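Take a look at the structure set out below.
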Amino acid sequence: EEPLKPTKPVEPRVFTTEAQALEIVIWLKNFNGLYKDLAKMVGCTSSMLIHIKTRRSKCTLAMYNKIMKARKKLEGVKV
């Protein structure tokens, strides 16, 4: 039997560098708003943000970019 092939093209996950991961962790620890509101902006669940903050889950580069985009929007920086 042939193994099943994915129905759509799949890219391997790319993770953040240690410096990028640390930047996200520090920012999430200092974030003063509600995680559920931030999660809505990022497009994930609040528990995912908490897992990234506590380093239970590794942050992918795609998630890093989404969080940074939301961060810039919250801080009033043009994206």
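What you are looking at is a predicted structure, and each value in this text was computed from that prediction instead of being measured. In what follows, residues are counted from 1 in the order of the sequence shown.
Using a 4.5 Å cut-off on side-chain heavy atoms (C-beta onward), Leu38 and Ile67 make no contact. Inter-residue side-chain proximity for Thr60 and Thr16 is flagged as unmet; no heavy-atom pair is nearer than 4.5 Å. Between Gln20 and Leu61, the closest side-chain pair of non-hydrogen atoms falls below 4.5 Å. A 4.5 Å side-chain heavy-atom check between Leu74 and Phe31 finds at least one atom pair inside the cut-off. Within the 4.5 Å cutoff, the side chain of Val77 has no heavy atoms near those of the Met68 side chain.
No donor-acceptor distance shorter than 3.5 angstrom exists from the side chain of Glu75 to the backbone of Lys72, with no hydrogens or angles considered.
To the nearest 0.5 angstrom, Met63 atom CE is 10.0 Å from Ile24 atom CD1. Once rounded to the nearest 0.5 Å, the distance linking OH of Tyr64 with CZ of Arg71 reads 7.5 Å. Here Lys53 contributes atom NZ and Ser47 contributes atom OG; the two are 12.5 Å apart, rounded to the nearest 0.5 Å. With values rounded to the nearest 0.5 angstrom, Ile52 atom CD1 is found 4.0 Å from Cys59 atom SG.
When the side-chain contact (heavy atoms from CB on, under 4.5 Å) test is applied to Thr7, no partner is found at least two apart in sequence or on another chain.
In summary, of the residues considered (Leu28, Asn32, Ile26), a side chain to side chain contact (heavy atoms under 4.5 Å, CB included) with Asn30 occurs for Ile26 alone.
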